[in-house]
2 protein chains.
Amino acid sequence: MVTRNDVARHAGVSVAVVSYVLNNKSIVKEETRLRVLRAMEELNYQPNLTARSLKTKRSGQLGVLTNFIGNPFEAGILLHLEEAARQYGYMITYHTYRDEHAEVLKAQLAGRVDGIILLGQSLPDDLLDTFNKRNIPLVSIMKPAHLEIPLTYVDVDWQAAYGKIFRLLKQQGHSEIALMSHGNSLNPLQARMASAIHLLETDESFRHMKYQVLEGRGRYENAYHAIMQLSEPHFTAILCANDLMAIGTIAACRDKGWRVPNELAVIGSENILMVGETNPPIAAVEYPRIQAANMAVEKLIQLIGGHHGDVESDLIQADFISRPSLGRDQE
Amino acid sequence: MVTRNDVARHAGVSVAVVSYVLNNKSIVKEETRLRVLRAMEELNYQPNLTARSLKTKRSGQLGVLTNFIGNPFEAGILLHLEEAARQYGYMITYHTYRDEHAEVLKAQLAGRVDGIILLGQSLPDDLLDTFNKRNIPLVSIMKPAHLEIPLTYVDVDWQAAYGKIFRLLKQQGHSEIALMSHGNSLNPLQARMASAIHLLETDESFRHMKYQVLEGRGRYENAYHAIMQLSEPHFTAILCANDLMAIGTIAACRDKGWRVPNELAVIGSENILMVGETNPPIAAVEYPRIQAANMAVEKLIQLIGGHHGDVESDLIQADFISRPSLGRDQE
DNA sequence: CTGTTAGCGCATTCAC
DNA sequence: GTGAATGCGCTAACAG
C-alpha cells in the first residue's frame, strides 16, 4: 500500500505538505502543490480513509437500518439515500435490524458511522439511548409510533393523504371499511394507521363510517392469510398501510372469488412499481421517495454537524394515484 | 468516548491486558479477565473498530456494488448478503455503481473494504485492475459477460435452466421465439442470453427454432416500449433475461391487445414476488437467491483469507416455476 | 501472566 | 510555506 510517506519522499517534501495539499489546499505554494499532485498521480496514491477517520473522528459513513430490504418500497428509498449520501461525501452501510441483532449492531457501529437512518424501522429505547450517549444522531424515515425519546423524522402527512382517500370512499358510498396494518405498536406502520384512525374518529365528515382493523404484519403472506381467514368481509373497502399487504389482499380476494373493486375496494400506501401491474391494478398513495430520502440525509448531516436546535421533523404532502382497485373515480 | 485506557485504569491493569481479554482470550488469568470484563461493562465500553482496522489492516467491511437496487431481485439478494456477512462478522457497505462514479468509488473504498461483491454488475477493466493492485478481492453474483480479467463468480446454470424452458416450448409447438435482454455487452444479463443463444444454435433439438433478440435494457419501461414499438410479433414466446422486463412485456401486451399466453407466452428469469401477481401471472426460472448470496460471501471470505487457488466459480441449478403466462403445462 | 512500547496512516499544532 | 513532532485507539511483539 502506498502511503503519504511514499508520496512525500517521491515529491521531495515532508508528509505534512501532502496533507496540506489534500486538505487545506491554499496554503501550499503552487509549484510544490503540483509536484505533490504529480507524485500522487504517479504512485497511484489513495488516502487511507480508515486512518483519516481515526484522526478526525469522522467516519464518513451513515448506517441505514431496516427490517426487510426485500420490500421494494424500502429498497427504492435505499437507492436514493445512497445517492444523497454520495452527494455529501458519505457512504452507506446497510444493516438488517431485528431486536436480536441489537448487541452485534452496537458493536459493529462503534466508531464506524457518523449517523444512522432508520428506514421504516423503530428501535428499542435502550438502543436509542446508546446511540444518544455515543453522540450518533438518528433520523427516521417514517414517524415513530411512540416518541419517548425525541427523534427527528421525515414522513408523509398521512392525515392529509388518508383524508383524501376517505373523502373519495365516502363519495362512492362506502361506509364500512377495513384498515390493515402491523399490530406491533412499535412498528412505524402504526403511525400511518394511527393517522387513519384519528381521522375516522375525530373528523366530523367521517363519523358515520364504521371501521375495523386487520393484522397484516406488513407482509404479503400475512395479508393474504388475514383475508383468507375471513368468512365474509364486513366492509366494502380496505386501506392497507403498505403496498405489499395490498397486493396480498388482492391475491386473497382472487382466491376467495371476491371481485375487486365491485365487492371490495383495495388501496395501498406507497405506489411501488408492482401495484400498477396487479390484477386489477391497485390505487395507492404515492410515497415521495426521493424527497423523503433527500430530506432525511440532509437532516442527518445537519445533526452530525451539530445543529441540534434547528433540525425539525417534517411531513411531506403525497399524491394519490387512482387505479381500478378503487372502482369508478369520482373526482 | 470511553477507550481502552479508561477500561485499563478502571480495572487496574495495563492496556495490553484489555486487548488480550478482547482478542487472545485464554492467556489472561481468569480473575483479572473478569475484572476487565466488569470494567468494560460498567464503563459501557465498545472497542473502536476504526482504530482496530487501522492496526489490523482489516476493515471488516464488504462493499456491495449494484447498478440499481430498486430492482426487487437485487434487493432480495442484498438482504441475504447482509445476513451472510453478519454471520462471518462482516458488515456491508452499499454502493450504486455507474461508470461516472468510478473515481469517487475508488476513493471511498480506499482502506475501507476487505472485499467487494458485484451484484448483477460488471466493472471496467481498469477498475478491476485497481482493486487487484490494492489486493481487494472481488466476487461477482452473475457470470460476467467478458472475462478479460479472471473473476470469481456465482451464477445460475443458465444453460440448464433455459434448456428446460426450450424443451417445454418445443413441446407446446413454439418454433419462433424472442429473447429480451440488455444490449450492452458488458451487462451481466448478456451472460444469461448468451447461454440461451448458445443452446438455440448448437443444441440439435432446438436447431429448428427461429429466434430474434429484443432490447429491454433490463428495465420495466424499456421492455414495455420495446414491445409497444412492434407492429406484429413474429414470435409466439418471449424469454426475458430478467423479471422486470417480463412484467413490462406483459403490460405492453395488455395495451397492445395481445393475449398472453394465447398469442404470446412470456417467461421470466428470477421469480421475484411480483411475477406471481401480474395479470396473467408469469412463469419464471427461480433464481436461488439465498444460496447465491451465501456462496458469494463464502468465496469472498476465502479470497480475503488468501485462499486463491482453491476458490472456484460455481454454477447453481435452478428450478422453473410454471404459471399461466406459459400456457398449458405439458410436463 | 502482565506491562511497556512501537507503530498502523493520517491531520494538525507549533516552530522555523 | 514547510517540516518535525504528537497522538487518534488499537494490536502485538517483546521483556519481564
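Naming convention: chains lettered A, B, ... in sequence-line order (proteins, then strands); numbering from 1 in each chain.
An OP1 or OP2 oxygen of D:dA13 is reached within less than 4.0 angstrom by no side-chain nitrogen or oxygen of B:Tyr20. In this model, the phosphate group of D:dG9 is not approached by any side-chain N or O of B:Arg52 to a distance below 4.0 Å at OP1 or OP2.
Of the candidates D:dG9, C:dC10, D:dA5, C:dC10 carries the atom nearest the A:Tyr45 side chain, counting heavy atoms from C-beta on. Here C:dT4 is the nucleotide among C:dC10, C:dT4, D:dG9 with the atom lying nearest to any side-chain atom of B:Ser14. Among D:dG9, D:dA4, C:dC10, the nucleotide with an atom closest to any side-chain atom of A:Ser19 is C:dC10.
As rounded to whole Å, 9 Å separates atom P of D:dC8 from atom CG of A:Leu54. Between B:Asn5 atom CG and D:dG7 atom P the separation is 12 Å, expressed in whole Å. To the nearest angstrom, P of D:dC10 lies 13 Å from NZ of B:Lys55. In this structure, B:Asn23 places its CG atom 17 Å from P of D:dG9, rounding to the nearest Å. For A:Arg58 and C:dG9, the CZ to C1' distance is 20 Å, given to the nearest whole Å. Rounding to whole angstrom units, CG of residue B:Leu22 and C1' of D:dG9 are separated by 12 Å. In this structure, A:Asn48 atom CG and C:dC8 atom P are separated by 12 Å, rounded to whole Å. Between A:Arg4 atom CZ and C:dC8 atom P there is a gap of 10 Å when expressed in whole angstrom units.
Donor-acceptor pairing under 3.5 Å is recorded for the side chains of A:Asp155 and A:Tyr287. A donor atom on one side chain and an acceptor atom on the other are found under 3.5 Å apart for B:Glu74 and B:Asn71.
A salt bridge does not link A:Arg38 with A:Glu41: none of the charged nitrogens is closer than 4.0 Å to a carboxylate oxygen.
Near DNA chain D, meaning a heavy atom under 4.0 Å away, there are no residues from residues 27-40 of chain B.
When each of B:His80, B:Glu83, B:Arg86 is tested with A:Thr96 by the rule side chain to side chain contact (heavy atoms under 4.5 Å, CB included), just one qualifies, namely B:Arg86.
A:Gln121 CD to A:Leu186 CG: the interatomic distance, rounded to the nearest 0.5 Å, is 9.5 Å.
With a 6.0 Å radius and a threshold of 12 heavy atoms from other residues, nucleotides or ligands, B:Glu100 has its CD atom above the threshold. Under a cut-off of 6.0 angstrom, the local environment of CD1 in B:Ile290 is sparse, with at most 12 non-hydrogen atoms contributed by other residues, nucleotides or ligands.
B:Val13 comes within 4.0 angstrom of sugar-phosphate atoms only, judged by non-hydrogen atoms across all strands, and of no base.
In terms of position on DNA chain C, the residue among B:Lys57 and B:Gly12 whose nearest nucleotide sits closer to the 5' end is B:Gly12.
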